[in-house]
There are 2 protein chains.
Amino acid sequence: MQLTDRQKLILTLIIHEHIRTAQPVGSKSLVEKYNLAMSSATVRNEMSALTDYELLRQPHTSAGRVPTEEGYRFFVGNLVQKSGLPTNTRRTITHQFYQSRQDIEQWLRLAASVLANQSQAASLVTAPHAEKAIFKHLELIATRGRQVLMVLVLMGGEIRQQFISLSEPVSQDRLSVIAAQISNMCTRCDVEKISRMRFQMDSLGKDILDILIAEMTLIEESTTGEIYLDGMTNVLSEPEFAESDEARQALHILEERSLLENLLASTVMNTDVGGIQVLIGGEGTWQELRQCSIVLARYGDPNTLTGSIGVLGPIRMPYDRTISTVRFVANVLSDLVTETLAV
Amino acid sequence: MQLTDRQKLILTLIIHEHIRTAQPVGSKSLVEKYNLAMSSATVRNEMSALTDYELLRQPHTSAGRVPTEEGYRFFVGNLVQKSGLPTNTRRTITHQFYQSRQDIEQWLRLAASVLANQSQAASLVTAPHAEKAIFKHLELIATRGRQVLMVLVLMGGEIRQQFISLSEPVSQDRLSVIAAQISNMCTRCDVEKISRMRFQMDSLGKDILDILIAEMTLIEESTTGEIYLDGMTNVLSEPEFAESDEARQALHILEERSLLENLLASTVMNTDVGGIQVLIGGEGTWQELRQCSIVLARYGDPNTLTGSIGVLGPIRMPYDRTISTVRFVANVLSDLVTETLAV
DNA sequence: TTTAGCACTCTCACCTTGAGAGTGCTAAAA
DNA sequence: TTTTAGCACTCTCAAGGTGAGAGTGCTAAA
């Protein structure tokens, strides 16, 4: 499918106009709006051709044209201008990050908030997560009776806390000794190596090591870290979600962690850090997302810690701006992660 | 305002019927539906009286009656049957909690999920938070260069992690020594006591203690811990939120942390653990919640750690069931918190 | 005090209608 | 060959009209 320049122009204008108004775009109004140097009849002929290519669609015989999913895809793939974010927007965003508390959690929350506000859509950010769990540090804190709080720190800064129940009460001193022992012994070890050290430990140590191993295995098996969402309500103000049932289906994907993990796993997980993926109208697979598009990116340090960020909005979203924003925030997060978390 | 038994009955039935159908309730259909031993004319007279009391309202001259906010409030205050949850529902819920990972975060997430599913509405759960921050344990973990990961554990199990930047690189060994020293010295101390120990420390120790104090102050100042939400999309399926703008306003309160904190601070924070608060139609204060009711409870250990849980649904919600569910989940969480987190 | 009966009111679903916007086609102009 | 003016046609949408249905308040009798 090879489009003439004029066809590309018209497709682009129709998409712009449709994004602006959420209405079908007619030939005459398009010519008037953009002062095109051709008549509406010419535009109609081109529209007709674009409709044959299935890039445009007519809701009804005598309505204007609306871009199809294919049309958006062509637009995003070939026509969208990679404008980059305006400098002052960049500055505002960067500023916010360096203003915030120095804490991954805050950064991720902030990233979600920035994405949501900039794109006026729903956003998601997953915490950076390593494919391989490498032990860094263990802490055991007595709470009450046989209850102990276990804090496990992985290389890369992932932290897990968990209450464990020992078979008998143990003093804080003894716990500290064991924690220190394990911390020293296991630094930079993966699950396998740690398993092989099990024989060196006494009975209590073995119990704790077992829990530690279980926990690390669990972390390794999970495909993504904690998920932060923001701007869900932004989506509700879009006219295509006026009947809230449509909105419900779309937002449900974000809310239901397992669905979202599936979605991420089958798309952005295969993308390189720095790359952008745009999922338009659910790409036939995700029925609930028929009305939505998702712009996704991966951030972090490609070899160790990575996470995903994305924006979910109506299919009729301003792709250029959204893509720039997602790319920029991903870069900011990558920088922060590599600066502070790297091994 | 003193209602006769018959008036109470009719009010109750109208509310029940309205909750079921979301439609105005007429005299005739009410008599038929519930096989009342009186004629529709009698019911009409009583309805008229209830309307005078402003417990009912007519959307239009010749429509049926709809409960007013006042009507719901009377119902919740006087007529609602405190049924308690069915035994098997209780069992299902309890079971889920003991099945889950032994980890506050999981419990809170689960609580939110249970509330959302049981009530088919949106739910919120705040992490338990102590009014007074009491130090328990400090851990310092070298990451890279001058970057250090500080893990702060408070009495009661609140954990904060933060990256701090020291003025010069420090070895893990030295960090461990300092952390142990602080941990020993400050156990069970509040901010004030810790501040008085500052002079004992060397320069590096002072820096760290300052950050620690700042962090503890921050925790003490925040009114609530982490917030977990669930079931936002449930609300979208209610007919009163068909035009998504209504839904947007309501859900916005949940999404915007500061708004939600305000709301909690001005209501449930003043409630005792074990008590239930029902906020109907925003009580005149919260414009965004005109269409909603919130059922709130406080859980935890009254003297140390408390958190809030709640359900947000349409004003037309099944209060008896929702209240029972919220109360039950609050009790379960209280038990878990006092069992595992208490000092 | 309750109820049957009645006149009245209001909504809602349904239909019709005309304006408006858009289309495709054709024939003439460039 | 490409572009454009003109025209007949199509379809939506808002506005207005109509009747069925449900509900009400009032009155007079039980």
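In what follows, chains are A, B, ... by sequence order, proteins preceding strands, each numbered from 1. Every heavy atom of this structure was used, including side-chain atoms; hydrogens, water molecules and symmetry mates were not.
- If you measure from atom NZ of A/Lys28 to atom P of D/dA5, you get 12 Å, rounded to the nearest angstrom.
- Pairing for D/dA20 goes to C/dT11, judged as Watson-Crick or G-U wobble with the two contacts each under 3.5 Å.
- With rounding to whole Å, A/Arg57 atom CZ is found 14 Å from C/dT23 atom P.
- Base pairing of D/dA30 is made with C/dT1, judged by Watson-Crick or G-U wobble geometry with both donor-acceptor distances under 3.5 Å.
- For A/Thr51 and A/Arg57, the side-chain atoms include no donor-acceptor pair closer than 3.5 Å.
- Considering only side-chain N and O atoms, B/Thr61 lies under 4.0 angstrom from the phosphate OP1 or OP2 of C/dC10.
- Mapped onto DNA chain D by nearest heavy atom, A/His60 and B/Gly64 fall at different nucleotides, with A/His60 at the one closer to the 5' end.
- Taking a pair to require two hydrogen-bonding distances under 3.5 Å in either a Watson-Crick or a G-U wobble arrangement, C/dA29 pairs with D/dT2.
- Computed from coordinates, the B/Met47 CE to D/dC26 P distance equals 15 Å when rounded to whole Å.
- Within the structure, every side-chain polar atom (N or O) of A/Ser40 is placed at least 4.0 Å from both OP1 and OP2 of C/dG22.
- Two residues, B/Pro59 and B/Ala37, neighbour DNA chain C, and the one matched to the more 5' nucleotide by heavy-atom proximity is B/Ala37.
- Judged purely by distance below 3.5 Å, without hydrogens or angles, the side chains of B/Glu255 and A/Thr233 pair a donor atom with an acceptor atom.
- Pair assignment for D/dG25: C/dC6, on the basis of Watson-Crick or G-U wobble contacts that are both within less than 3.5 Å.
- Judged by distance alone, the side chains of B/Ser293 and B/Tyr319 do bring a donor and an acceptor atom under 3.5 Å apart.
- Side-chain to base pairing of A/Ser62 with D/dT10: one donor and one acceptor N or O lie within less than 3.5 Å of each other.
- Using a 4.0 Å heavy-atom criterion, one finds that A/Ser29 contacts the sugar-phosphate atoms exclusively.
- Between B/Gln291 and B/Glu240, the side chains place no donor N or O within less than 3.5 Å of an acceptor N or O (distance only, hydrogens not considered).
- Contact annotation: B/Thr42 side-chain N/O to C/dT2 OP1/OP2 distance is not under 4.0 Å.
- Rounded to whole Å, atom C1' of D/dG23 lies 8 Å from atom CD of B/Gln58.
- Donor-acceptor pairing under 3.5 Å is recorded for the side chains of A/Thr271 and A/Gln277.
- Dashed line: the shortest gap from a side-chain N or O of B/Arg44 to OP1 or OP2 of C/dC6 is not under 4.0 Å.
- Residue B/Arg6 places at least one side-chain N or O under 4.0 Å from the OP1 or OP2 atom of C/dT2.
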